[in-house]
**Student:** 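This is the structure, below, for whatever I ask next.
For clarity, every value in this text was computed on a predicted model and none was experimentally measured.
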Amino acid sequence: MPDPKNKDRERAYAASGEELAGLLHHPAADVLLAVLENPALDESHVCLLLERKDLPGEILEEVARRKALLKSYRVKRSLAFHPRTPRLVSLRLLRDLYLMDLVQVAILPGVSAELKRNAEEQLLARLPQLPLGQKITLARRGPARVAGALLAEGHAQVISIVLDNPYMTEAQILRALSREKLPTSVIPAIVQHRKWSIIYNVRLALVRHPATPLASVLSYLPELTVSDLRELAAPGIVPESLRKYLQAEVQRRMRASEKAASRSVPAKDPPEPDQE
């Protein structure tokens, strides 16, 4: 009795049209390998095949080996995004992806941490050569590390957009503020931002930064803890001109604390007269 698998393999080599499209959903790996040999196979067929999330790894590896197939950007992209594509193949394909496809890799749930990191590295490496329009697009939708790098660059047209980026994190804001030399427009933008300007650690970093306007620093001091004020007032942390304000705020807190303590102590009852 003839093996139906052999029959399917033979059909896979020569099928065309709807029959070929139907064979793309065949469960057997050897039949799918035969489909890849079919001269009628084109870009649309391969992309349809790569939409299958259950594809065996050997099929994905075979697609990756075929340079003729990888001349199609759609095929390359579909292979890079497939959850079962072998790690080394995915890492290699990242180098050829367009900018916003790299962004997708970096932010999509389900993508491995290693692949996300590599996509971010690719984006960061391209950043210096990108035109302003693409930087603005990245500022809106790029991952946190890229958003942080764009913030540190300080383009006037980018700053307000990147501060509203939904992937921006407190860690990236603090990383930018840890740089002593920042473009002049970065600090005021953070000081005025409705979200970042009210976060305690961001305010602490702004107090430390030499470019923060004095008026902003003084407005933050009453909200800082005494331990943080004392740390900031240590020699060499902030300019001497600011240290006196920090020390004065510590003294004010100490006096207020002493007054509160004295008010909370109950008054002693007068001594009772001696009973004869």
Side-chain angles (χ1 to χ4, degrees), residues 99-111 113 115-117 119-128 130-233 237-239 242 245-246 249-250 253:
L99 191 75
M100 294 316 295
D101 285 332
L102 277 175
V103 170
Q104 285 296 102
V105 173
I107 64 177
L108 273 178
V111 176
L115 212 56
K116 283 178 182 286
R117 267 196 317 274
E120 289 174 353
E121 294 293 344
Q122 291 287 332
L123 289 165
L124 291 169
R126 296 183 195 182
L127 213 52
L130 292 181
L132 181 60
Q134 287 188 317
K135 288 187 178 185
I136 289 172
T137 301
L138 275 182
R140 286 197 181 94
R141 297 165 53 193
R145 287 174 66 201
V146 175
L150 285 166
L151 177 64
E153 280 190 355
H155 288 286
Q157 300 97 315
V158 171
I159 293 174
S160 62
I161 297 171
V162 82
L163 287 173
D164 287 334
N165 180 312
Y167 301 104
M168 178 63 91
T169 62
E170 180 182 329
Q172 292 300 329
I173 300 287
L174 296 177
R175 181 171 294 180
L177 289 173
S178 69
R179 301 183 180 206
E180 191 168 327
K181 293 184 179 178
L182 271 176
T184 54
S185 49
V186 173
I187 296 289
I190 296 174
V191 166
Q192 294 162 21
H193 196 269
R194 64 191 180 283
K195 176 181 177 181
W196 304 115
S197 63
I198 62 174
I199 294 176
Y200 184 88
N201 287 332
V202 173
R203 289 190 167 188
L204 197 59
L206 285 166
V207 171
R208 286 175 177 269
H209 202 284
T212 305
L214 181 60
S216 298
V217 171
L218 296 181
S219 72
Y220 297 154
L221 295 189
E223 299 174 18
L224 301 186
T225 65
V226 172
S227 61
D228 282 334
L229 287 167
R230 283 185 172 138
E231 183 182 333
L232 289 166
I237 304 294
V238 297
L242 180 56
Y245 291 106
L246 295 168
E249 178 64 19
V250 171
R253 299 279 189 91

**Student:** Could you give the side-chain donor-acceptor pairs of residues 99-107 under 3.5 Å, partners two or more places apart or in another chain?
**Tutor:**
| from | atom 1 | to | atom 2 | distance (Å) |
| --- | --- | --- | --- | --- |
| Asp101 | OD1 | Arg77 | NE | 2.8 |
| Asp101 | OD1 | Arg77 | NH2 | 3.4 |
| Asp101 | OD2 | Tyr73 | OH | 2.6 |
| Asp101 | OD2 | Arg77 | NE | 3.4 |

**Student:** Is the shortest side-chain heavy-atom distance between Asn165 and Arg141 below 4.5 Å?
**Tutor:**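 When only atoms from C-beta onward are counted, Arg141 and Asn165 do not touch, as no gap falls below 4.5 Å.
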**Student:** Do you know which two heavy atoms are closest between Leu224 and Tyr200, and how far apart they sit?
**Tutor:** CA-OH, 3.5 Å
**Student:** Locate the shortest heavy-atom distance separating Leu127 from Lys135; write the atom from each residue and the value.
**Tutor:** O-CE, 3.1 Å
**Student:** When the side chains of residues 192-199 are checked against the rest of the protein, which donor-acceptor pairs come out under 3.5 Å, sequence neighbours left out?
**Tutor:**
| from | atom 1 | to | atom 2 | distance (Å) |
| --- | --- | --- | --- | --- |
| His193 | ND1 | Lys195 | N | 3.1 |
| His193 | ND1 | Trp196 | N | 3.4 |
| His193 | NE2 | Asp164 | OD1 | 2.7 |
| Arg194 | NH1 | Asp164 | OD1 | 3.4 |
| Arg194 | NH2 | Asp164 | OD1 | 3.4 |
| Trp196 | NE1 | Leu163 | O | 2.9 |
| Ser197 | OG | His193 | O | 2.3 |

**Student:** Between Leu151 and Ile173, is there a side-chain heavy-atom distance shorter than 4.5 Å?
**Tutor:**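 Ile173 vs Leu151: side chains touch.
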**Student:** Taking Leu204's backbone N and O only, do any of them form a donor-acceptor pair with Asp228's side chain (distance below 3.5 Å, no angle check)?
**Tutor:** no
**Student:** How about CZ on Arg126, more than 12 heavy atoms from neighbouring residues, nucleotides or ligands closer than 6.0 Å, or not?
**Tutor:**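 Atom CZ in Arg126 is crowded, with more than 12 foreign heavy atoms closer than 6.0 Å.
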**Student:** Donor-acceptor check, side chain of Lys116 to backbone of Pro143, threshold 3.5 angstrom: yes or no?
**Tutor:**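 Here the side-chain-to-backbone pair does not exist.
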**Student:** Before giving the answer on side-chain contact (heavy atoms from CB on, under 4.5 Å), spell out for Val191 and Tyr220 the whole-Å C-alpha distance, their side-chain angles and the decisive distance to 0.1 Å.
**Tutor:** CA-CA 11 Å; Val191 166; Tyr220 297 154; 3.8 Å; yes
**Student:** I want to check something: taking the side chain as every heavy atom from C-beta on, are Val226 and Arg230 in contact at a cut-off of under 4.5 Å?
**Tutor:**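 A side-chain contact under 4.5 Å exists here.
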**Student:** Before accepting this row, confirm whether a basic side-chain N of the pair Arg253/Glu249 lies closer than 4.0 Å to the acidic partner's carboxylate O.
**Tutor:** yes
**Student:** Quick one: pull up CG in Leu177 and OG1 in Thr212 and give me the separation to the nearest 0.5 Å.
**Tutor:** 7.0 Å
**Student:** Apply side-chain contact (heavy atoms from CB on, under 4.5 Å) to Ile237 and Glu231, showing your working.
**Tutor:** CA-CA 8 Å; Ile237 304 294; Glu231 183 182 333; 5.7 Å; no
**Student:** Work out which heavy atom in Met168 is nearest to a heavy atom in Gly148; give both atom names and the distance.
**Tutor:**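 For Met168 versus Gly148, the nearest heavy atoms are CE-N, 4.1 Å.
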